[in-house]
Structure formats: C-alpha cells, structure tokens
Amino acid sequence: MESKDDSGGLRCLVTGATGYIGGRLVPELLEAGHRVRCLARTPEKLRDHPWAGEAEVVKGDVTDAESLGAAMRDIDVAYYLVHALAAGPGFEMTDRDAARNYGEQARAAGVRRIVYLGGLTPPDVPLRELSPHLRSRAEVGRILLDSGVRTTVLRAAVIIGSGSASFEMLRYLTERLPVMVTPSWVSTRIQPIAVRDVLRYLVGSAHMPADVNRTFDIGGPDVMTYRDMMQKYAQVAGLPHRLILPVPMLSPGLSSHWVGLVTPVPASIARPLAESLRYEVVCQEHDIADHVPDGPGQPFSFATALSLALQRVREARVTTRWSSASTPGIPSDPLPTDPDWAGGSLYTDVRERDVDASPEALWRVVEGIGGENGWYSFPPAWAVRGWLDRLVGGVGLRRGRRDAQRLRVGDSLDFWRVEEIEPGRLLRLRAEMRLPGLAWLEMYAEKGEDGRSHYRQRAVFHPSGLLGHAYWWSVSPFHAVVFGGMARNIAQAAGRGTGGRA
C-alpha cells in the first residue's frame, strides 16, 4: 500500500534537481499534489527556481551514504536522475558505486519505489559493445532493479524539448548549415520523444503497482533517421530544405568536435550524444501505457514536440537547459573569501565608475549582460577567446542565457556560471572556460551620491602552477581594453537607460 502524507500526495525525493529533467520534474510533482524533497550537492543552485519555496532542499551527494540516508528518510518514491559523465574518464565506476549506494540506502529507509530515467539501447548489441555512456546508463538500471526496492526504469532515446542538449544540437546544426557534410550516423533510425511525455511518464510512475519491477521503453510515435529529423526541423522552423551529405570516415570523436564547433553543445557533451546515435534505438514495446495511459494526441509527434520547443525558445520561456547541470572538466570551487587563501596567490583586476543613473538602472544592465547583449567591451576579443575555448574542448561563448533579462544562481552564462546573485547589488560569475587556474568576475551596483550609483567590477584569478602565473601576465596587458572598456561601457549603457551590445 502506498504511504501518503496528510494532503494525500506521496513523499518524493528528486535526485538531480539541478539538471535539465530534474529541474522540470519537481514542479510537475508539486502540481500533482506530491511533497518533494530535493537532494543537491549545492543547494544554493535551487534557491532561485520559481518552485523553491514549495520543495524541501537538502544538501548531500549520491556517493555519500550518510547524507543520502538522511535524505531518504520518510520517502515513498525516489527519482534517480543523475549520472557521473562530468566526473571524467572514470565515470562508469562512479555511476556504478553511486547506483549501488542509492539502492542500499533506499532499501534501508523503506522507500517503496525507485524511478530511473535511462537510455534506450539496441536489443541486438551486446552490452560490452555499446558506447561507455549507454553502457553505464544500462548498468545503473540493472543495479537499481536488483536493489531490493521495486524500480521503474524508463528508457528514452533522443529527448526533444526547449533547452535539451539533443534539441540544441539539432537546432543549431540545421539552422546554421544549409549544406552539411555529416557523419554516417545521420542515417541511423531513432525514436525521439517530447520532454513533456517524459515528464508525464516520470510523474505517473510514482503510482505503479507494488509488484512492478522492470524497464519500459518510452518514445514518441515517429521512428526516423537523424537526417529526417533535421529536414523536419527545417520544415517546422520555416527554413529551406537542407542538403545533407553523409561521410563514413567521420568517427564519433571527430563528429563530436564538429558538433562542438557548430553548436553551443561542447565536445565533452556532444561525444556521448554522437556515440549513442551510432545505434538504432527504437522502442520494442509500449507497456508503459498500461500504467500511465496516453491521452488524445499523446505521446506527442516529433513535429509537435519541435513546435512546442521552438515556441518556448521564441517566447524566452525555457525553464531549464542542458547547461543547467555541470559540464565535464569545469571548475567548481567557490570564490575564496580568505585573502591569504592558497598562499595569497590571487591576482585581481578592479575597476570602478560613478554612474549617472539610479542603482536600479545600473542593475538592469548588469543582470542583462552576456548572450545577445554581449560583454560591453571589444567584441572580437571575447569572440576569439570563445573560439579558442571551443578548440580545446571547452564550452565557448555560445551557451548564451536561459532568460534574456533574469538570472538565477546556477544559470550558465556563455562561458561563465552564476555563482552568486544578490538582486540589485551583486552578480558573481565563475569561469567555466579552460584555464590554468580558477577565475571569477564580480559586478556590483552600489548607491552613490546625489541619486547616482557606483559601479564596481572585480576580476579574480587563482593560478594553477607556473603556467597559471604565466597566463595571467600574458593577458594582463589586454585588461585595460577588456575590463576597462567593460566598466566604462556598462556605466554608459546604464546612463542612457539602455542595454545591448556596446
């Protein structure tokens, strides 16, 4: 029998709420009447979400038994929406250990059901021959099914929704390249699914009968090749027909770098996506409908999923993006507050300006920085730095913004991430470009005299070894142009009451 709270809903734990799917699942569960607890390594990343006041957020990690056990207490349904791809080459072992830990703690806490979103795998390919990404997702599913806790494993191929990595990859490839020389995987058959259907199946899985312990294939009604998907995107987006020329010699590694150069998705994320696309991934059954019935028009067609995603992009209503989660290889250390941290080896560049505008006007410019608005100083220098970052496998500048006007902690912002935001006063960004050290950029909007405001900007760099020191001194001659120009142009934009490129 299901255990429920006083309101009649189930008590759900969402692990991975800072990610693309998890960040969208939480409000769906709340709307369905459930109580939600989120487990996050950095709870601050969730504090600015619209639903933050309705869900409980606890600090912890799936690899830490003590924190995970505490988070599992009094939980009915535990959603496992994490994977360790960002952990680097050893991610398969990390995934394996985390899944075992999750199952053990769920069993010890008396959790009734685990729900896991994994990847669809081809039935005729041995597990050992799959890509490391798909192999690990399949192994995690098996571990959870064998955990002693009834488990629902949903297996999806390509998820189409505004802000998803698969959608962004498809969108930018199709929009930017009217003629494409492509890898051979564009001819592989795939069964994509709309993110709205994924969320519906995840929410509905909470109420599955107690004896269900199995995998379910989930997909939309269309089976198509990636070439078909690009041509359909062009049609839905009102673009001319694309000329697509497959080239067999483009390996997944090479094609991931090609995707990384053309789209905002970096090679580190593009590679597992490209490797997965080598295999035909088509649903073998649709048994999920026995437990989570499809309504009229469900699951959504590929064209409908595209239309819904494009509409959200155009209306700037993208709630989570692929970049909501951590990107492989990026630093995550918080800004040091101790001036003697690490032996005092911190470099800073400080710029200050009095501004002929109110603090509110200045803050609007600060919060609107990046993305289409640019960085208010010498655009070619920022563009070159972004391209250099892409060439070495970094995220580059093209991640843009989730929202054109508002930022929240955890948002990606080109090759930065919002580490702290105090509305009206402070925006702190942590660099996620490839650097020989750690870097931050702080922007303050402060109250000045006579109704004016004061802008203060501080760049902080903590070098890693001799290369880090050499890097700082090699770029410091350009700081007057880049950081000095940035402070000057932000002040001028605030004074004019405008935002945008400067």
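Just so you know, these numbers come straight off a predicted model, no measurement behind them.
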*Starting from the C-alpha separation in whole Å, work towards a yes-or-no answer on side chain to side chain contact (heavy atoms under 4.5 Å, CB included) for Ile190 and Thr225.*
CA-CA 6 Å; Ile190 307 162; Thr225 66; over 6 Å; no
*Can you tell me which residue pairs pass the salt bridge (charged side-chain N to carboxylate O under 4.0 Å, His left out) test with a partner in residues 279-305, sequence neighbours excluded?*
Arg189-Glu280, Arg200-Asp294, Arg214-Glu285, Arg214-Asp287
*Look up atom CD in Gln105 and atom CD1 in Ile114, then write down how far apart they are to the nearest 0.5 Å.*
11.0 Å
*Please examine the side chains of Arg37 and Val14, heavy atoms only from C-beta on, and report whether any two atoms are closer than 4.5 Å.*
no
*Can you check whether Glu139 reaches Arg96 side chain to side chain, under 4.5 Å on heavy atoms?*
yes
*Report yes or no: does Lys59 contribute a side-chain atom to a donor-acceptor pair with the main-chain N or O of Arg41 at less than 3.5 Å?*
yes
*Atom pair CD/CG of Glu367 and Asn373 - distance to nearest 0.5 Å*: 11.5 Å
_Could you tell me if the side chain of Glu56 sits less than 4.5 Å from the side chain of Cys38, heavy atoms only?_
no
_Nearest heavy-atom neighbours spanning Thr121 and Ala138_ = CG2-CB, 4.4 Å
*Got a sec, which pairs hit salt bridge (charged side-chain N to carboxylate O under 4.0 Å, His left out) with one end in residues 142-163, sequence neighbours left out?*
Arg155-Asp217
*Which residues pass the ring-ring contact (aromatic ring centres under 6.0 Å, His included) test with Phe415, sequence neighbours left out?*
none
*Side-chain heavy atoms of Asp403 within contact of Arg408, under 4.5 Å*: no
*With sequence neighbours excluded, tell me which residues meet salt bridge (charged side-chain N to carboxylate O under 4.0 Å, His left out) with Glu28.*
none
_Atom of Gly161, atom of Val195 and distance for their closest heavy-atom approach_ = CA-CG1, 3.7 Å
*In Å, rounded to the nearest 0.5 Å, how long is the span from OH of Tyr201 to OG1 of Thr152?*
13.5 Å
*Can you check whether Val111 reaches Arg107 side chain to side chain, under 4.5 Å on heavy atoms?*
no
*Would you find a donor on one side and an acceptor on the other, under 3.5 Å apart, between the side chain of Gln284 and the backbone of Val282?*
yes
*Do side-chain atoms of His34 reach the backbone of Leu10 as a donor and acceptor pair under 3.5 angstrom?*
yes
*asked:* Can you list everything that forms a side-chain contact (heavy atoms from CB on, under 4.5 Å) with Ala70? Sequence neighbours excluded, please.
replied: Arg73
*Tell me yes or no: between the side chains of Ser301 and Thr304, is some donor less than 3.5 Å from an acceptor?*
yes
*Check whether any side-chain heavy atom of Met93 sits under 4.5 Å from a side-chain heavy atom of Asp97, and report yes or no.*
yes
*Any ring pair (Phe, Tyr, Trp, His ring centres under 6.0 Å) involving residues 97-119? Give me the pairs, sequence neighbours left out, ordered by first then second residue.*
Tyr80-Tyr102, Tyr80-Tyr116
*Given side chains that start at C-beta, do those of Leu170 and Leu306 come closer than 4.5 Å, heavy atoms only?*
yes
_Test side chain to side chain contact (heavy atoms under 4.5 Å, CB included) on Ile288 and Met208; report intermediate values, then the result._
CA-CA 10 Å; Ile288 187 69; Met208 280 195 175; 3.4 Å; yes
*Give the minimum heavy-atom separation between Val57 and Pro43, together with the two atoms involved.*
CG1-CB, 3.7 Å
*Answer yes if the side chains of Ser412 and Arg402 hold a donor-acceptor pair under 3.5 Å, and no otherwise.*
no
*Would a 4.5 Å heavy-atom cut-off, applied to side chains only, mark Pro221 and Pro299 as touching?*
yes
*What distance do Ile159 atom CD1 and Tyr20 atom OH have between them, rounded to the nearest 0.5 Å?*
7.5 Å
*For Leu202 and Val198, what are the C-alpha separation, side-chain angles and deciding distance, and is it a side chain to side chain contact (heavy atoms under 4.5 Å, CB included)?*
CA-CA 6 Å; Leu202 284 169; Val198 173; 4.0 Å; yes
*From Arg24 CZ over to Leu29 CG, what is the distance, rounded to the nearest 0.5 angstrom?*
14.5 Å
*Mind listing the closest non-hydrogen atom pair of Ser147 and Gly103 along with its distance?*
CB-CA, 3.7 Å
*Just by modelled atom types, is the Gly220 backbone N or O under 3.5 Å from a matching donor or acceptor in the Gln191 side chain?*
yes
*Measuring from Leu117:CG to Leu199:CG, what's the distance to the nearest 0.5 Å?*
9.0 Å
*Looking only at atom types and distance, does a side-chain atom of Gln298 sit under 3.5 Å from a main-chain N or O of Gly295, one as donor and one as acceptor?*
yes
*Would you please test Asp76 and Arg112 for salt bridge (Lys or Arg N to Asp or Glu O under 4.0 Å) and show each step?*
CA-CA 5 Å; Asp76 300 310; Arg112 304 301 180 91; 5.1 Å; no
_Heavy-atom closest contact (Asn213 atom, Thr151 atom, distance)_ = OD1-N, 2.7 Å
*Partner residues of Arg135 under the salt bridge (charged side-chain N to carboxylate O under 4.0 Å, His left out) criterion, sequence neighbours left out*: Glu92
*asked:* Any side-chain to backbone donor/acceptor pair from Asp197 onto Phe300? Under 3.5 Å, distance only.
replied: yes
*asked:* With ring pair (Phe, Tyr, Trp, His ring centres under 6.0 Å) as the rule and sequence neighbours excluded, what pairs involving residues 35-58 come up?
replied: His49-Trp51
*With distance as the sole test, does Ser164 use its side chain to make a donor-acceptor pair with the main-chain N or O of Phe167 at under 3.5 Å?*
yes
*Check the side chains of Asp95 and Ser136 for a donor-acceptor pair under 3.5 angstrom, ignoring hydrogens and angles.*
yes
_Electrostatic pair Arg428:Glu420 at N-O distance under 4.0 angstrom_ = no
*Identify, with sequence neighbours excluded, every residue that meets salt bridge (charged side-chain N to carboxylate O under 4.0 Å, His left out) alongside Glu44.*
none
*Start with the C-alpha distance between Thr174 and Arg242, add both sets of side-chain angles, then the distance that settles side chain to side chain contact (heavy atoms under 4.5 Å, CB included), and finish with yes or no.*
CA-CA 7 Å; Thr174 310; Arg242 272 25 195 169; 4.2 Å; yes
*Is any side-chain N of the basic residue among Arg430 and Glu432 closer than 4.0 Å to the acidic one's carboxylate O?*
yes
*Please collect all ring pair (Phe, Tyr, Trp, His ring centres under 6.0 Å) contacts where either partner lies in residues 208-244, sequence neighbours excluded, each pair once.*
Trp185-Tyr226, Phe216-His291
*Who pairs with Asp414 by side-chain contact (heavy atoms from CB on, under 4.5 Å), at least two apart in sequence or on another chain?*
Trp375, Leu397
*Among all residues two or more places apart in sequence or in another chain, which pass the salt bridge (charged side-chain N to carboxylate O under 4.0 Å, His left out) test with Glu104?*
none
*asked:* Strictly distance-based, threshold 3.5 Å: is any side-chain N or O of Arg227 a donor or acceptor partner for the main-chain N or O of Leu245?
replied: no
*Taking all non-hydrogen atoms of both residues into account, name the closest pair between Gly371 and Leu413 and its distance.*
N-CD1, 4.4 Å
